[in-house]
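The structure appears below as structure tokens.
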Amino acid sequence: MTQPKQFRASKGTRDILPPDSALWNWFEQTAREVFGTYGFGDIRTPIFEETQLFARSIGTDTDVVSKEMFTFQDPLAPEELVRKVVERGFDATKVHVAGGQAPKAIWDALSEFEWLTLRPEATASVCRAYIEHGMHVLPGNVKLYYVGPMFRRERPQKGRYRQFYQIGAEVLGQSDAPAIDAELLEMLMVFFKRVGLTRTTLYVNSIGDKNCRPQYVELLRHELLQVKDQLGPDSRRRIETNPLRVLDSKLPHEQAIIAKLPRISDHLCAECREHFARLKDELKLRGIAYEENWRLVRGLDYYTRTTFELIAEGLGSQNAVCGGGRYDGLIELLAGPPTKGIGFAIGSDRAILSIRESGDLPRLPGLDVFVAWMGLSTYAAAVAIARKLRESGVSVELPGEEMKFKKSLNLADKLGARYALIIGSDEVASGTFTLKRLADADQKKLSEYELLEYLESEKRGTRG
Ligand code: HAM
């Protein structure tokens with residue numbers, strides 16, 4: 001008989017198991033708490049969207065869109081096709097759905113609906129949702145955060161996965177005041193401090209806007225053409241497609257060449273220069289340490305003005321734990337009303353890796369009580385007290401089969417329980433329980449009331 005196939009998680013994906021998942025939950029929960037104090041609300045967008053949404057937002061020449069998207073086709077049902085045709089202003093009577101005989105123009109227009117992509121990031125989705133739900137009419141700035149998996153078909157390595165997790169935040173509204181950028185960065189730093197990720201450097205830059213960047217990009221292209229022969233194939237290609245991205249090159253032999261290129265900071269228009277200067281003042285006001293990095297251009301096309309990244313020590317080449325920036329024109333690019341936007345996304349996989357490597361881990365909830373019941377006559381009492389303890393928030397393990405006392409305590413130890421609750425016939429007869437602290441074998445005889453009081457108050461004290 002042939003052996004059945006054993007399955008493994010796909011390349012670049014992995015399982016997050018207990019107790020590791022408790023660290024993840026704590027990390028994400030801390031973000032929710034901190035972001036809540038800054039007035040952010042949770043947004044949950046779909047895991048997949050129309051491919052065009054990402055292509056248009058992130059840019060077709062970016063690595064993410066051109067090489068890394070998980071895209072699949074969703075053949076439309078005939079009635080759906082007709083609906084889309086009419087929505088698009090075409091004459092539905094011209095579509096012979098059953099035979100797929102629609103004129104080419106209609107097919108081309110429709111084909112974009114058919115392609116779906118697993119989200120490689122969530123800023124595009126948040127903007128789509130903002131427009132779709134008319135959120136521009138909401139008072140003040142709309143502040144949203146999200147927590148969830150993203151998908152990029154990358155070459156997996158430490159800190160780089162095909163399914164990875166982000167915690168992101170976006171601020172959308174009418175104002176582009178530098179105070180918004182600074183407050184967002186303050187929130188980010190408060191969060192990183194709360195989770196103990198402090199060996200980080202915040203890099204900031206301004207990449208100008210539609211008024212000044214095009215001239216700078218042309219200047220850069222011109223300068224790059226002079227040194228074209230000394231550049232590698234990627235940078236050479238980018239001279240045409242996206243010269244800014246050459247600044248991002250990590251190739252050792254290109255570094256000296258890049259160092260001599262013109263810097264965007266010398267070519268910002270007056271408004272962008274003023275915006276960047278005020279941002280830096282705001283960061284100082286808030287005591288946020290940062291370094292300027294004129295080469296920080298980011299790998300997604302939607303950015304204007306402020307860009308930033310947080311780099312963590314000790315992570316090797318995949319050391320960016322957070323990236324973000326302004327994207328003032330993006331909502332309009334997606335056919336929404338004129339809106340300003342800024343946001344960031346934290347790479348949870350890398351951030352948690354970094355916290356783990358620093359060794360400064362929080363004390364996370366584990367098993368409180370293992371119920372060691374002995375003899376079938378004690379089982380009913382064991383079931384009852386287990387339920388009562390659980391109702392008061394104590395975590396309890398109750399073996400479903402009778403075990404020898406020694407084996408019971410052994411298992412309690414291995415499961416990392418703090419206490420063994422011993423229930424023998426004596427205890428049942430006297431209506432008491434024996435609570436044994438496993439760390440030092442300290443033992444107490446307690447009534448049910450005392451037991452609940454004791455464990456509840458201890459829990460409040462240790463974790464409250
Ligand atoms: P991003 O720089 O592409 O920005 O990703 C943000 C963070 O996600 C990175 O700094 C990194 O920590 C993590 N990350 C990216 N790709 C991977 C991967 N393959 N494996 C593990 N971690 C990864 C964005 O996604 C923007 N949407 C951020 C943003 C929000 N900008 C404005 N608003």
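Remember, it's 1-based here, ligands and their atoms both numbered in the order they're listed.
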- Task: For the pair His267 and Tyr216, name the ring-plane relationship: parallel under 30°, tilted 30 to 60°, perpendicular over 60°.
- Result: tilted

- Message: Pairing donors with acceptors under 3.5 angstrom, does anything connect the side chains of Thr201 and Glu291?
- Response: no

- What residue and atom, counting heavy atoms only, is the protein's closest point to atom 12 (O) of ligand 1, and at what distance? Ala320 O, 2.7 Å

- Query: Is it the case that Lys143 places NZ or CZ above or below the six-membered ring of Tyr145, under 6.0 angstrom from the centre and within 45 degrees of the axis?
  - Reply: no

- Task: Considering heavy atoms of the protein only, find what lies nearest to atom 7 (C) of ligand 1 and give residue, atom and distance to 0.1 Å.
- Result: Ala345 O, 3.6 Å

- Query: Counting heavy atoms only, which part of Glu154 comes closer than 4.0 Å to ligand 1: side chain, backbone, both or neither?
  - Reply: side chain

- Which residue and non-hydrogen atom of the protein lie closest to atom 1 (P) of ligand 1, and at what distance in Å? Arg298 NH2, 3.6 Å

- Note on the structure: Between Asp63 and the options Arg152, Arg238, Arg153, Arg237, the salt bridge (charged side-chain N to carboxylate O under 4.0 Å, His left out) test singles out Arg238

- Out of Tyr303, Tyr327, Tyr161, indicate the one that has the non-hydrogen atom closest to atom 20 (N) of ligand 1. Tyr161

- Can you list the ligand 1 atoms lying under 4.0 Å from a non-hydrogen atom of Glu170? 30 (C), 32 (C), 33 (N)

- Looking only at protein heavy atoms, what sits closest to atom 5 (O) of ligand 1 is Gln166 NE2, 3.2 Å

- Who's closest to atom 26 (C) of ligand 1 heavy-atom-wise, of Tyr302, Phe151, Tyr165, Tyr146? Tyr302

- Which one of Gln318, Gln163, Arg14, Arg160 satisfies the side-chain hydrogen bond (donor to acceptor under 3.5 Å, both in side chains) criterion with Asp349? Arg14

- Residue, atom name and distance, where the atom is the protein heavy atom closest to atom 24 (C) of ligand 1: Leu300 CD1, 3.6 Å

- Item | For Gly324, the ligand 1 atoms whose distance to one of its heavy atoms is below 4.0 Å | 31 (N)

- Task: Identify, by atom number and element, the atoms of ligand 1 in contact range of Glu121, meaning under 4.0 Å from any of its heavy atoms.
- Result: 25 (O), 26 (C), 27 (N)

- Query: Can the ring centroids of Tyr146 and Phe40 be said to lie less than 6.0 angstrom from one another?
  - Reply: no

- Distance to 0.1 Å, residue and atom name: give those for the protein heavy atom nearest to atom 32 (C) of ligand 1. Gly343 O, 3.3 Å

- Item | Closest to atom 28 (C) of ligand 1 among Gly159, Gly168, Gly323, Cys322 (heavy-atom distance) | Gly323

- Query: Nearest protein heavy atom to atom 13 (C) of ligand 1, by residue and atom, and its distance?
  - Reply: Gly347 CA, 3.6 Å

- Task: Locate the shortest heavy-atom distance separating Phe164 from Pro120; write the atom from each residue and the value.
- Result: CZ-O, 3.9 Å

- Please report the shortest heavy-atom distance between Pro338 and Gln174, naming the atom on each side. O-NE2, 3.3 Å

- Message: To check your reading of the model: name the closest protein heavy atom to atom 23 (C) of ligand 1, its residue, and the distance in Å.
- Response: Phe164 CD1, 3.3 Å

- Query: In this structure, which one of Arg305, Glu170, Lys340 forms a side-chain hydrogen bond (donor to acceptor under 3.5 Å, both in side chains) with Tyr327?
  - Reply: Glu170

- Message: Check this for me, if you would: do Lys459 and Asp368 make a salt bridge, where the nitrogen-to-carboxylate-oxygen distance has to be below 4.0 angstrom?
- Response: yes

